[in-house]
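Following: one structure in structure tokens, then a few remarks.
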There are 2 protein chains.
Amino acid sequence: MLQKRIDDQPSISPEMVREAQGILHQHLKKVGLKQTAQRDTILRTFLDTREHLSTDELYRLVRKKDPKIGYTTVYRTLKLLAECRLASEVAFHDGIARYEHQYNRRSHHHMVCTDCGSSVEFFSNEVERLEQDIGRKYRYMTTRHSFQIYGVCEDCRKKNGAARVV
Amino acid sequence: MLQKRIDDQPSISPEMVREAQGILHQHLKKVGLKQTAQRDTILRTFLDTREHLSTDELYRLVRKKDPKIGYTTVYRTLKLLAECRLASEVAFHDGIARYEHQYNRRSHHHMVCTDCGSSVEFFSNEVERLEQDIGRKYRYMTTRHSFQIYGVCEDCRKKNGAARVV
DNA sequence: TCGATCTTGAAAATGAAATTCAAAATCGCC
DNA sequence: GGCGATTTTGAATTTCATTTTCAAGATCGA
């Protein structure tokens, strides 16, 4: 299930969007912040993707819905969403922070093509178990982990052929 | 085996340093670059650690041995070392690139305390096997992976007690 | 030794992330 | 509904690690 182009289909149902909005609103109230139209627009735009979005990419999408929303607001809202666990950062190690929505999704990991940047998601219970085991062993209270595999995907191998010498 | 303070003891033997230097020199020749005193000093300084060093941290250590060596040279040499696999980047996701020397060490992973930044190394064959399995399944030619666990270490939990609300 | 090529390192450039601040919006309260 | 304290917004600026530039110096094969 490659991540290449799936922008078109909305990823989650209207009820889920409403529920996510509820989670955000509850979080805002809890930490004494205010509900705004911008924050809702950004959340909805974010939920409506299945990509691993950088702040800039999300900003471009948000701008289509409301051109008056600025980059800074997207940046800050993304942090808010991460705070209430609606978004989580994914590390692709390309120097850019990326987020994906974590709403009703099984924990998963990524394999990233170092040539074209496309990625595959995969699942592994072993990794979850390992977090528990290692944490217990060294007496850490673990909160999360990060696991990525890097390589070159089949398409890129075909395209490049012998052009990989440099 | 905490990483907190082990700066003093040199981590590898003189023969190993020589061998590592051989690897670097061979790599330099292979890619048509030149052997320099700076590069050797930086390699030796780097090998003489067991920490996960940022470029800046290594620069400070190198400066003690030869104050004329500049940051840029350390930065570039670290990339060279990574090229010939004497160094490898470790991702602690704190916005700083860190390297550790990979000379004669088993592949390992890190568990990082998000409070104090200390880390524990651990080993897992499962993770290695997983890279193979997932790569085969999705037809990626895998080159490497990155696995970190985040949490709070015992010391920090004790220190902070109830001060973890904010 | 010569000279083509590479290296060095201070300085500048880059670029993502974070902060600033004045104008605008929110929301508890009456 | 409207007041007002507090928060938000977003353009602009700042920050900071990283990367590039470039002229002077070093390396190494012939």
Measure the distance from [atom1] on [X] to [atom2] on [N] and round it to the nearest whole Å.
X     : N      : atom1 : atom2 : answer
B:L28 : C:dC6  : CG    : P     : 13 Å
B:L58 : D:dA17 : CG    : P     : 15 Å
B:I69 : C:dA10 : CD1   : P     : 11 Å
A:Y59 : C:dA17 : OH    : P     : 15 Å
A:D56 : C:dG15 : CG    : P     : 12 Å
A:R76 : D:dT7  : CZ    : P     : 14 Å
B:K79 : C:dT8  : NZ    : P     : 16 Å
B:D66 : C:dT7  : CG    : P     : 17 Å

Practice task
Please work out which of the three classes, parallel, tilted or perpendicular, describes the rings of A:H109 and A:F122, given edges at 30° and 60°.
Solution key: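 The arrangement is tilted - the two ring planes meet at 30° to 60°.
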Handout entry: A:H108 and A:H110 aromatic ring geometry - parallel, tilted or perpendicular at 30°/60° bounds
Key =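 Correct class here is perpendicular.
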Exercise for the section: May I ask you to decide whether B:R136 forms a salt bridge with B:D133, counting only side-chain N to carboxylate O separations under 4.0 Å? Expected result: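 A salt bridge links B:R136 with B:D133.
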Practice task
May I ask you to decide whether A:E131 forms a salt bridge with A:R144, counting only side-chain N to carboxylate O separations under 4.0 Å?
Solution key: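 A:R144 and A:E131: not salt-bridged.
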With rounding to the nearest 0.5 Å, note down the distance linking [atom1] in [X] to [atom2] in [Y].
X      : Y      : atom1 : atom2 : value
A:Y75  : A:D56  : OH    : CG    : 13.5 Å
B:I149 : A:Y138 : CD1   : OH    : 10.0 Å
B:L33  : B:E83  : CG    : CD    : 7.5 Å

Exercise for the section: Would you work out how much the helix from C:dT1-D:dA30 to C:dC30-D:dG1 bends between its ends, with each end axis defined by five base pairs, to 10 degrees? Expected result: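 End axes: 30° apart.
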Practice task
Name the closest nucleotide to the B:K68 side chain, picking from C:dG9, D:dT18, D:dG10.
Solution key: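 Selected nucleotide: C:dG9.
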Exercise for the section: Could you please name the option among C:dA18, D:dT18, C:dT19 that lies closest to any side-chain atom of A:Y75? Expected result: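 In terms of side-chain proximity for A:Y75, the closest of C:dA18, D:dT18, C:dT19 is C:dA18.
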Think [X] has a side-chain N or O under 4.0 angstrom from the OP1 or OP2 of [N]?
X     : N      : result
B:T73 : C:dG9  : yes
A:R39 : D:dT9  : yes
A:Y71 : D:dA11 : no

Exercise for the section: Treat primed atoms plus P, OP1 and OP2 as sugar-phosphate and everything else as base, then score nucleotides 23-30 of chain D 5' to 3': B for base contact with protein heavy atoms under 4.0 Å, S for sugar-phosphate contact only, - for none. Expected result: ----BS--
Exercise for the section: Please indicate whether A:K137 has more than 12 foreign heavy atoms, meaning atoms of other residues, nucleotides or ligands, lying under 6.0 Å from its NZ. Expected result: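 Check fails, neighbour count at 12 or below.
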Name the atoms and distances for all side-chain donor-acceptor pairs under 3.5 Å in residues 36-46 of chain A, with sequence neighbours left out.
| residue | atom | partner | partner atom | Å |
| --- | --- | --- | --- | --- |
| A:T36 | OG1 | A:R39 | N | 3.1 |
| A:R39 | NH1 | A:K34 | O | 2.6 |
| A:D40 | OD1 | A:H25 | NE2 | 2.9 |
| A:T41 | OG1 | A:A37 | O | 3.0 |
| A:T45 | OG1 | A:T41 | O | 2.7 |

